[in-house]
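Written below as structure tokens is the structure these notes are about.
Chain A is the first sequence line, chain B the second, and so forth, proteins listed ahead of strands; every chain is numbered from 1. Predicted, not measured: the structure shown is a model, and the values here were computed from it.
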2 protein chains.
Amino acid sequence: MRKTVLVYGLLGGVLVAILKATEYRFLVLEHSLEIYGGIVALIFSGLGLWLGLKRTRPKHTVEVREVLVPVGGPFERDVARVEQLGITPRELEILEAMAAGLSNREIAGRLFVSENTVKTHAGRLFDKLSARRRTQAVQLAKEARLIP
Amino acid sequence: MRKTVLVYGLLGGVLVAILKATEYRFLVLEHSLEIYGGIVALIFSGLGLWLGLKRTRPKHTVEVREVLVPVGGPFERDVARVEQLGITPRELEILEAMAAGLSNREIAGRLFVSENTVKTHAGRLFDKLSARRRTQAVQLAKEARLIP
DNA sequence: GCGAAAATCACCCATTCGGGTGACGCGCCA
DNA sequence: TGGCGCGTCACCCGAATGGGTGATTTTCGC
């Protein structure tokens, strides 16, 4: 945005300079003032139009209302699987937070630990789940019924 | 649109008339030309801006419908929601791949496009879903019944 | 067929993630 | 009491991700 304003102003300055340079030529005409104004008006209205379009196009103003979907059976964790994979309680917490779409930093803040700690937990979790990415970890965990 | 042009032209004419009427007052000033141009530029750029806004504003007029969906049957995409959010088919594909735990590079390979393309799609998706991370995007998309 | 929307790709930058290593404290229990 | 599991934290580094800009081509509705 700052850049846009800058360009805008610059163009304006250049325009004024050009018009000033050609001022005398315009003055010898009968309706120089009108021509001058017309040109400026045209150019700047075009500029303004372009700017307005440009600046507001990606403004969708979408309103989203939450819809709670009635869920069938309550979730039940596959404890056997948890033990089989050797996943600790703390790691499960990290896993749930991860599934909720939180970043490591946010998880750290929520669980009152450092970001580094979260990273270690997450790393070990990826090992145990054979995952390489957190999205994959979440997906696998859901399939394994470790999280809802 | 025709009407708009008419109004626009009319306003321009009126403006020129006003400026013409006050021409002599301006002329006694030293930098009358610059002032004149500046005023015209300001007014018309404002006008153009307003016009640009006006013309693109009634883009969507989003209608929010709340639908309670009975659970149990196979997954059915909430098409209304998809349209509300303005999510394109291609973006949905990326979303599904993302939910499957694939990286951008893997998605790119699977859909036979470049990684950059996947990133742009993903970026727009995050915008539309108001998400900052892919895990969050997946989570929100599932809540909105965009993906299973 | 014209214009808007969609899809494609590139480049840059900052942040986040993932992976590896090492270390410390605490509780447990053999 | 020494080992072990768990949780905690730090540092480094490369890869992945997110965000922005800009541009071109395809597609499609009117």
Let me know the distance between [atom1] of [X] and [atom2] of [N], rounded to the nearest Å.
X	N	atom1	atom2	result
Arg134(A)	dA16(D)	CZ	P	15 Å
Lys119(B)	dT8(C)	NZ	P	16 Å
Ile107(A)	dG7(D)	CD1	P	15 Å
Glu106(A)	dT16(C)	CD	P	9 Å
Leu125(A)	dG7(D)	CG	C1'	14 Å
Phe126(B)	dT15(C)	CZ	P	18 Å
Asn116(A)	dG19(C)	CG	P	15 Å
Gln136(A)	dA16(D)	CD	P	13 Å

Checking dG18(C), dA7(C), dT8(D) against the side chain of Arg124(B) (C-beta onward), the nearest is dA7(C)
Nearest to the Thr120(B) side chain among dA7(C), dG19(C), dT21(D), which nucleotide is it?
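So the side chain of Thr120(B) is nearest to dT21(D).
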Counting only side-chain nitrogens and oxygens, does [X] get under 4.0 Å of the OP1 or OP2 atom of [N]?
X	N	result
Arg105(B)	dA16(D)	yes
Arg132(B)	dG18(D)	no
His121(A)	dG7(D)	no

Restricting to non-hydrogen atoms, name the atom on Leu129(B) and the atom on Ala137(B) that form the minimum distance, rounded to 0.1 Å.
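Result for this residue pair: CD1-O, 3.8 Å.
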Does Leu111(A) form a side-chain contact (heavy atoms from CB on, under 4.5 Å) with Arg90(A)? I'd like the steps, not just the answer.
CA-CA 10 Å; Leu111(A) 299 185; Arg90(A) 199 53 159 169; 4.1 Å; yes
Return the CZ to CD1 distance between Phe112(B) and Ile107(B), rounded to the nearest 0.5 Å.
14.0 Å
So, with a heavy-atom separation below 4.0 Å from DNA chain C, the residues of residues 87-104 of chain A are Ser103(A), Asn104(A)
Ion pair check, Glu76(A) and Arg145(A), cut-off under 4.0 Å:
no
Answer whether the closest heavy-atom distance between the side chains of Arg124(B) and Thr88(B) falls below 4.5 Å.
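Not in contact.
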Quick check: do Arg110(B) and Glu93(B) have side-chain heavy atoms less than 4.5 Å from each other?
no
Criterion side-chain contact (heavy atoms from CB on, under 4.5 Å) on Gln84(A) and Asp78(A), from CA distance to verdict
CA-CA 10 Å; Gln84(A) 180 196 336; Asp78(A) 190 342; over 6 Å; no
